[in-house]
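The block underneath contains the structure these notes are about, expressed in structure tokens.
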Amino acid sequence: MDYLLVKDLEIYANHGVFQSEKELGQKFLVTLKMGYNMKKGATSNNLEDSIHYGVLSKEIYDYFRSESIDLIETVAYKLVEFIFEKYKIVQELTVEIKKPWAPINLPLDTVKVTINRKKRRYFLGIGSNIGDKQEYVDSAIDRLKNANSIELKNVSEMYTTKAWGKTDQEDFLNCAVEIESYEEPEDLLKITQQIELDLGRERHEKWGPRTIDIDILFCDDEIIYTDDLKIPHPYVQDRKFVLEPLNDFAQFFVHPVLNKTLKQLLSELENS
């Protein structure tokens with residue numbers, strides 16, 4: 001990865017919890033480290049193929065001063081959102097904000113917050129078996145597509161499949177999508193769960209009927225195992241209704257635990 005560094009941009013602004021900070025203001029130092037492929041700009045020698053760090057610095061300066069916010073953590077994350085939205089070529093970003101005049105009545109050099117985010121490739125499984133299944137699936141895809149932190153990359157064909165796990169229920173309409181997002185996996189889970197709630201998802205029984213179900217299947221080649229989130233999804237290799245749509249656009253993606261392509265996993269499941 002190539003990096004552009006803007007270090008300690010000095011900005012006088014009115015962020016802080018105390019009223020005196022809001023009224024009098026204080027000095028902040030902002031550092032940005034932006035990761036992106038610089039080859040196009042380097043070989044074309046054309047500023048339009050890169051990031052104009054003078055323009056960037058002015059944009060950050062103006063945005064930083066545009067409102068008064070209590071927490072510098074909030075300011076930092078707003079800058080993350082602003083930069084990823086404004087500069088699509090950025091793949092990784094670190095925002096650091098120093099507050100050297102922090103009013104704590106103790107000797108210190110500075111108070112600093114740092115937020116780092118990178119874009120990841122996620123595969124999601126989407127399914128519905130209640131009501132207008134197509135409408136629910138389409139609505140879920142639209143909500144993902146319209147989320148500021150998510151870019152929709154691929155959508156599989158739609159598949160009608162028998163229920164899995166608890167079979168005495170309506171058939172499901174299933175698909176898979178590929179997205180790119182700088183959201184952390186745990187934060188993406190909250191986004192997908194909120195979409196489920198907004199579309200009437202009720203959790204009465206495991207594997208029961210649902211208006212919409214959105215599963216995070218893969219996050220790049222990362223392995224995550226917590227109480228709330230398990231990636232890769234533990235049942236990917238057992239579910240044809242997951243593997244079949246995934247193979248529409250990612251048949252050569254390698255399962256990071258099983259070390260087999262999705263094409264291999266589907267073939268093994270069909271022949272078992």
Side-chain angles (χ1 to χ4, degrees), residues 1-3 35-37 39 84 89-94 116-128 137 140-141 144-145 147 149-167 172-193 195-196 206-207 210 212-272:
M1 185 74 72
D2 310 315
Y3 292 95
Y36 60 98
N37 189 340
K39 182 176 180 179
F84 272 126
I89 64 173
V90 175
Q91 294 295 310
E92 184 178 346
L93 172 64
T94 299
N116 177 266
R117 291 292 184 272
K118 66 178 179 179
K119 290 181 179 177
R120 292 176 166 97
R121 180 191 191 193
Y122 289 94
F123 295 153
L124 310 180
I126 301 176
S128 172
V137 171
I141 294 171
L144 290 168
K145 183 179 180 180
S149 59
I150 293 172
E151 182 177 356
L152 187 66
K153 293 291 193 177
N154 276 302
V155 180
S156 74
E157 297 294 327
M158 298 292 166
Y159 293 83
T160 299
T161 58
K162 297 293 182 182
W164 188 92
K166 186 177 186 300
T167 57
F172 275 82
L173 185 68
N174 290 104
C175 73
V177 301
E178 176 189 351
I179 64 170
E180 183 179 74
S181 177
Y182 60 82
E183 296 285 359
E184 292 291 294
E186 296 81 2
D187 296 325
L188 181 63
L189 177 64
K190 292 176 183 177
I191 290 172
T192 60
Q193 288 178 336
I195 292 173
E196 290 177 339
K206 186 175 182 179
W207 297 328
R210 66 215 76 169
I212 198 69
D213 184 37
I214 306 174
D215 288 328
I216 302 176
L217 306 173
F218 295 99
C219 170
D220 282 336
D221 58 356
E222 295 182 31
I223 300 171
I224 300 168
Y225 197 91
T226 69
D227 290 341
D228 297 322
L229 186 60
K230 295 173 178 59
I231 301 176
H233 193 286
Y235 297 114
V236 165
Q237 64 276 9
D238 301 320
R239 294 175 169 179
K240 186 177 180 181
F241 66 84
V242 169
L243 288 172
E244 201 165 30
L246 280 176
N247 268 268
D248 282 354
F249 55 77
Q251 59 181 320
F252 298 114
F253 178 80
V254 177
H255 192 298
V257 175
L258 302 177
N259 293 316
K260 296 179 180 179
T261 66
L262 297 181
K263 183 178 181 179
Q264 287 176 293
L265 292 175
L266 177 59
S267 177
E268 290 176 1
L269 185 62
E270 289 176 332
N271 293 323
S272 62

Given 3.5 Å as the limit, does a donor-acceptor pair link the side chain of [X] with the main chain of [Y], or not?
X: K240; Y: E270; answer: no
X: N37; Y: K39; answer: yes
X: D248; Y: V155; answer: no
X: S267; Y: Q264; answer: no

Minimum heavy-atom separation for [X] and [Y], please, with both atom names.
X: R121; Y: A250; value: NH2-CB, 4.3 Å
X: E222; Y: P232; value: O-CD, 4.0 Å
X: E196; Y: I212; value: CA-CG2, 3.6 Å
X: L243; Y: Q237; value: CD1-O, 4.0 Å
X: I89; Y: Y36; value: O-CB, 3.2 Å
X: L246; Y: F218; value: CD1-CE1, 4.0 Å

query: Does any non-hydrogen side-chain atom of I141 lie less than 4.5 Å from one of L152?
result: yes
To the nearest 0.5 Å, what is the distance between [atom1] ([X]) and [atom2] ([Y])?
X: L188; Y: Y182; atom1: CG; atom2: OH; result: 12.0 Å
X: I216; Y: Q193; atom1: CD1; atom2: CD; result: 8.0 Å
X: I195; Y: L124; atom1: CD1; atom2: CG; result: 9.0 Å
X: L229; Y: L189; atom1: CG; atom2: CG; result: 5.5 Å
X: T192; Y: L144; atom1: OG1; atom2: CG; result: 8.0 Å
X: N154; Y: I179; atom1: CG; atom2: CD1; result: 12.0 Å

Chi angles and distances behind the side-chain contact (heavy atoms from CB on, under 4.5 Å) call for V242, Y235: CA-CA 9 Å; V242 169; Y235 297 114; over 6 Å; no
Check: F241 ring centroid to F172 ring centroid under 6.0 Å: no
query: Hey, mind stepping through L217 and R239 against side-chain contact (heavy atoms from CB on, under 4.5 Å) and telling me if it holds?
result: CA-CA 11 Å; L217 306 173; R239 294 175 169 179; over 6 Å; no
- prompt: Considering the options P185, S181, P256, which one meets the side chain to side chain contact (heavy atoms under 4.5 Å, CB included) requirement together with C219?
  reply: P185
- line: From the list D213, L173, V137, side chain to side chain contact (heavy atoms under 4.5 Å, CB included) partner of I126 resolves to V137
message: For a side-chain contact (heavy atoms from CB on, under 4.5 Å) check, start with the C-alpha distance between I191 and S149, then their side-chain angles and the critical distance, and finish with the verdict.
response: CA-CA 10 Å; I191 290 172; S149 59; 4.1 Å; yes
- request: Return each pair, listed once, that meets side-chain hydrogen bond (donor to acceptor under 3.5 Å, both in side chains) where at least one residue sits in residues 224-234; pairs must be two or more places apart or across chains.
  value: none
- request: Test R120 against every option in E183, E184, E180 by the side-chain hydrogen bond (donor to acceptor under 3.5 Å, both in side chains) rule and name the one that passes.
  value: E184
query: Is the number of heavy atoms from other residues, nucleotides or ligands under 6.0 Å of E157 CD greater than 12?
result: no
query: Using 4.0 Å as the upper bound for N to carboxylate O, is an ion pair formed by E151 and K119?
result: no
